[in-house]
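Please read the structure below before turning to the comments.
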Amino acid sequence: MLSDWTNDRIGSALRGGNPTVLRRLEAGFAVIGDVQFLPGYSVLLVDEPRVQRLSELPRAKRLAFLSGMDRLGEAVERACRRADPAFRRVNLEILGNTDGFLHAHVWPRYEWEPGDLVGMPVWSYPRDRWSEGRFALGPRHDALRAAIGEELDRLPEEDRPVLLGPGAPGAAGAGAV
């Protein structure tokens with residue numbers, strides 16, 4: 001039932017019962033958004049339901065979450081660029097003002113968006129975009145959903161940023177005599 005998993009998005013993902021999950025990433029779940037008024041909208045959910053803020057994660061997991069957000073963003077960008085020649089860019093954001101768990105939004109943006117909204121935050125769109133059935137995730141999004149998942153599979157987790165220690169090449173003060 002829809003309301004069961006939407007009331008516990010992370011717990012249902014951990015149990016394998018969240019139908020929006022695209023892929024399991026190192027520090028969370030890449031999911032396709034419930035609404036698709038901007039086709040390809042996706043979210044990265046942290047894999048610890050009690051974590052509300054990025055700063056609550058240990059540093060290594062925090063970096064893994066941010067790397068996962070980058071990876072999901074690139075996957076959405078690649079898939080949406082292929083699917084729609086009017087693709088413009090991806091907006092990434094961590095807000096946390098409505099849902100009490102850490103998550104990151106990945107919003108594809110398009111040239112066909114209304115002129116008064118294309119340069120504005122997505123939250124400037126009319127509220128009906130989040131509730132009207134015509135914008136709901138459905139079977140018509142299966143191809144884009146599959147394409148995002150395939151792009152996630154192509155992007156290796158090894159592309160995460162390298163942590164530099166003191167004296168390592170590229171670290172602050174490295175090579176100073």
Side-chain angles (χ1 to χ4, degrees), residues 4-83 87-109 120-125 130 137 141 144-166 168-172:
D4 292 339
W5 70 267
T6 60
N7 290 331
D8 183 12
R9 292 174 186 274
I10 298 168
S12 63
L14 289 166
R15 292 186 300 276
N18 182 330
T20 64
V21 171
L22 298 166
R23 297 292 186 274
R24 175 72 157 101
L25 302 183
E26 184 179 348
F29 296 93
V31 302
I32 192 159
D34 300 357
V35 296
Q36 292 291 308
F37 63 89
L38 294 172
Y41 166 58
S42 298
V43 179
L44 178 62
L45 302 174
V46 72
D47 59 5
E48 297 182 35
R50 290 183 181 84
V51 171
Q52 296 181 10
R53 291 175 285 287
L54 189 61
S55 59
E56 293 176 5
L57 292 174
R59 187 142 191 80
K61 188 149 187 180
R62 185 182 315 173
L63 292 172
F65 183 83
L66 291 171
S67 179
M69 179 177 72
D70 170 65
R71 186 173 165 210
L72 179 56
E74 188 170 349
V76 168
E77 179 177 336
R78 289 178 178 190
C80 291
R81 184 182 300 123
R82 270 199 330 271
F87 172 79
R88 188 169 185 227
R89 69 175 353 104
V90 165
N91 293 163
L92 305 171
E93 51 188 9
I94 298 175
L95 300 171
N97 298 320
T98 302
D99 294 317
F101 51 85
L102 176 61
H103 60 286
H105 300 272
V106 178
W107 289 102
R109 303 302 299 263
M120 302 295 292
V122 171
W123 311 106
S124 299
Y125 269 85
W130 278 266
L137 178 65
H141 302 106
L144 186 54
R145 177 186 180 132
I148 295 168
E150 290 165 9
E151 290 297 341
L152 282 167
D153 293 342
R154 285 188 189 104
L155 292 166
E157 287 194 52
E158 295 81 52
D159 282 349
R160 289 189 306 268
V162 176
L163 301 178
L164 300 177

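Sequential numbering from 1 along the given sequence is applied to the chain's residues. What you see below is based on every heavy atom in this structure, not just the backbone, and it leaves out hydrogens, waters and symmetry mates.
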Would you give the length of the straight line joining atom [atom1] of [X] to atom [atom2] of [Y], rounded to the nearest 0.5 angstrom?
X	Y	atom1	atom2	value
Y125	L38	OH	CG	5.0 Å
L144	S42	CG	OG	7.5 Å
D70	L44	CG	CG	11.0 Å
H105	L92	NE2	CG	11.0 Å
R23	E150	CZ	CD	7.5 Å
L155	E74	CG	CD	4.5 Å

**Message:** Taking the basic N atoms (NZ, or NE/NH1/NH2) and the acidic carboxylate oxygens, is any pair closer than 4.0 Å for E151 and R154?
**Reply:** yes
**Message:** Please determine whether a side-chain nitrogen of the Lys or Arg among R15 and D8 lies less than 4.0 Å from a carboxylate oxygen of the Asp or Glu.
**Reply:** yes
Testing the basics here: between [X] and [Y], what is the closest heavy-atom pair and its distance to 0.1 Å?
X	Y	answer
L57	L102	CD1-CD2, 3.7 Å
G40	I148	O-CD1, 3.8 Å
F65	A27	N-CB, 3.6 Å
V106	G73	CG1-CA, 3.7 Å
L152	A30	CD1-CB, 3.8 Å
Q36	Y41	NE2-O, 3.0 Å

Taking C-beta and beyond as the side chain, do [X] and [Y] meet within less than 4.5 Å on heavy atoms?
X	Y	answer
P49	L14	yes
L66	L54	yes
E77	F87	yes

**Request:** For V43 and R9, run side chain to side chain contact (heavy atoms under 4.5 Å, CB included): C-alpha distance rounded to whole Å, both residues' side-chain angles, the deciding distance at 0.1 Å, then the answer.
**Result:** CA-CA 11 Å; V43 179; R9 292 174 186 274; over 6 Å; no
**Prompt:** Does E48 have any salt bridge (charged side-chain N to carboxylate O under 4.0 Å, His left out) partners at least two apart in sequence or in another chain, and if so, which?
**Reply:** K61
**Request:** Please state whether the rings of W130 and W107 are parallel, tilted or perpendicular, taking 30° and 60° as the class boundaries.
**Result:**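 Perpendicular, since the angle between the ring planes exceeds 60°.
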**Prompt:** Got a donor-acceptor contact below 3.5 angstrom from the R109 side chain to the N91 backbone?
**Reply:** no
**Asked** Under 3.5 Å, side chain of T20 to main-chain N/O of N18, donor-acceptor pair present?
**Response** no
**CA sep, side-chain torsions, deciding dist, call: I10, V51, side chain to side chain contact (heavy atoms under 4.5 Å, CB included)** = CA-CA 11 Å; I10 298 168; V51 171; over 6 Å; no
**Prompt:** If you count the non-hydrogen atoms of other residues, nucleotides and ligands that lie under 6.0 Å from CZ in R89, is the total more than 12?
**Reply:** no
